[in-house]
Number of protein chains: 2
Amino acid sequence: MVDRRRTQIVEMACKRFAERGFIGSSMRDLAADMGLEAASLYTYIKSKDDLLEDICFGIGNKLIAAIDEVNDIYFNAEEKLRSAIKNHVEIICADPEASKVFSHEWRHLNDAKKNEFITLRNHYEQGVTEIIETGITEQIFVEGDKRFAVLTILSTVNWISEWYNPKGKMKPNEIAQKLADFVLTGLKKQT
Amino acid sequence: MVDRRRTQIVEMACKRFAERGFIGSSMRDLAADMGLEAASLYTYIKSKDDLLEDICFGIGNKLIAAIDEVNDIYFNAEEKLRSAIKNHVEIICADPEASKVFSHEWRHLNDAKKNEFITLRNHYEQGVTEIIETGITEQIFVEGDKRFAVLTILSTVNWISEWYNPKGKMKPNEIAQKLADFVLTGLKKQT
DNA sequence: ACTTTTGCCTAACACTTGTTAGGTAACATG
DNA sequence: CATGTTACCTAACAAGTGTTAGGCAAAAGT
């Protein structure tokens, strides 16, 4: 039951961190949200930093697992890219608040964890890069600046947490499909 | 000469806000960067909030001026979109730190200024939407979810400040061109 | 009935926060 | 030389920060 309470606290922290940022959220405010006093939070968590780590690596590890899986199973590059986008979008949409924290608040991790986080992010970036490389080798993607393509794709998926509304009519798999179409074929009509 | 000093302070604040966030940056740290005591900053600025407003609306107003200009002068939709992207990329690359603050720290504006900011951002979004609409009317862009296209385009331009390095080899106009190509024609080879 | 555990509390510590008041040395202007 | 201005300073304020120590009532276990 301690774990259950801890989870509730992490979820509430997520909400606050997404709204007001890690530093902008005080333990007293967070406690008030939970109907507790600040000191009582420490029965369940080690420190404020702990909360941030939990959230950042929670999302991070899911993303890593997803990209590794896509690159393990063989598909052609287009299928790989579509799967990767689909997984990414679904992870973000399943918890847009945690994803916001993942995107914006990781820099407030302590030095050790920040390095770990950057390594993780590079690993993910590398996973996406491999997909692009596969596509160029298979001659189905245009040759060009790989890194630029990767950054651009990642920007579109990461930005989703800024506007996604779980109560809106656009569902995650629809978003993933549209995004994949966009990334693959662009805005221009094929004539 | 007061103005000159003020500008230096705003520029330094920009750097700190971009690195550590608005709330994560203390006036004492900022003052130390300037070789001053915290209290001395108040000779040049009204408040800490003042600094954030200056930075956010500095970038915001430039973006608005740029999109309005593009929509005023007549081009076909593709030219309009390319110009808009070029302007946006150039504004961001001219001051990536201020752009980071613009993207991430606006939520810490006070309520009045935050509303003003959101209005400004909606205005910009509307400007981009008009370009997409023009393209659909001219039958050169694929019909589809306009809002989705706009958000996706904005995500790619806004993300540039996260990775752009003024000392790197990729120059703003090159970035703008690649990005416009990407947005227009996507990753897939035309066959 | 007695003990242990749970789940929270109050109080406090040491420190940092934005900001104001008032002063002072160096310099410019008359 | 006298005056005003510039450009900074020190000191202080009231409030808020994360976190620890120690306590206490209710519930659970025996």
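To find a chain, count down the sequence lines: A is the first, B the second, and so on, and within it residues start at 1.
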Is the NZ or CZ atom of A:K100 positioned over A:F17's six-membered ring, under 6.0 angstrom from the centre and within 45° of the axis? no

For the pair made of CD in A:E37 and P in D:dT19, what is the distance, rounded to whole Å? 16 Å

Rounding to an integer number of Å, can you tell me how far A:H108 NE2 sits from D:dG18 P? 13 Å

Selected nucleotide, minimal atom distance to A:K48 side chain, candidates D:dG18, C:dT19, C:dC8: D:dG18

A:L36 CG to C:dG7 P: how many Å, rounded? 11 Å

Winner on side-chain proximity to B:S40, out of D:dC8, C:dG18, D:dT19, is D:dC8

Short side-chain N/O contact to D:dT6 OP1/OP2 from B:R5, under 4.0 Å: no

Atom CG of A:L41 and atom P of C:dT10: how far apart are they, to the nearest Å? 13 Å

Value in whole Å for how far the P atom of C:dG18 lies from NZ of B:K46: 16 Å

Apply salt bridge (Lys or Arg N to Asp or Glu O under 4.0 Å) to the pair A:D181 and A:R82, showing each step before the final yes or no. CA-CA 9 Å; A:D181 288 347; A:R82 284 187 183 275; 3.0 Å; yes

Could you state the CG-P distance from B:D29 to C:dT16, rounded to the nearest angstrom? 10 Å

Compare the minimum distances between each of C:dC8, C:dG18, D:dT17 and the side chain of B:R28, then state the nucleotide with the smallest one. C:dG18

Under 6.0 Å between the ring centres of B:F102 and B:F117? yes

Should B:E97 and B:D95 count as side-chain neighbours, where that means a heavy-atom distance under 4.5 Å? yes

Distance under 6.0 Å and angle within 45° of the ring axis: does B:K62 meet both against B:F57? no

Let me know the distance between CZ of B:R16 and P of C:dT17, rounded to the nearest Å. 10 Å

Per A:Y42 side chain, nearest of listed nucleotides C:dC8, D:dG18, D:dC8: D:dG18

Find the distance B:I23:CD1 to D:dG18:P and express it as a whole number of Å. 11 Å

Among D:dT17, C:dC8, C:dT10, which nucleotide sits nearest the side chain of A:T43? C:dC8

Closest listed nucleotide, where the reference is the side chain of A:S26 and the choices are C:dC9, C:dG18, D:dT17: D:dT17

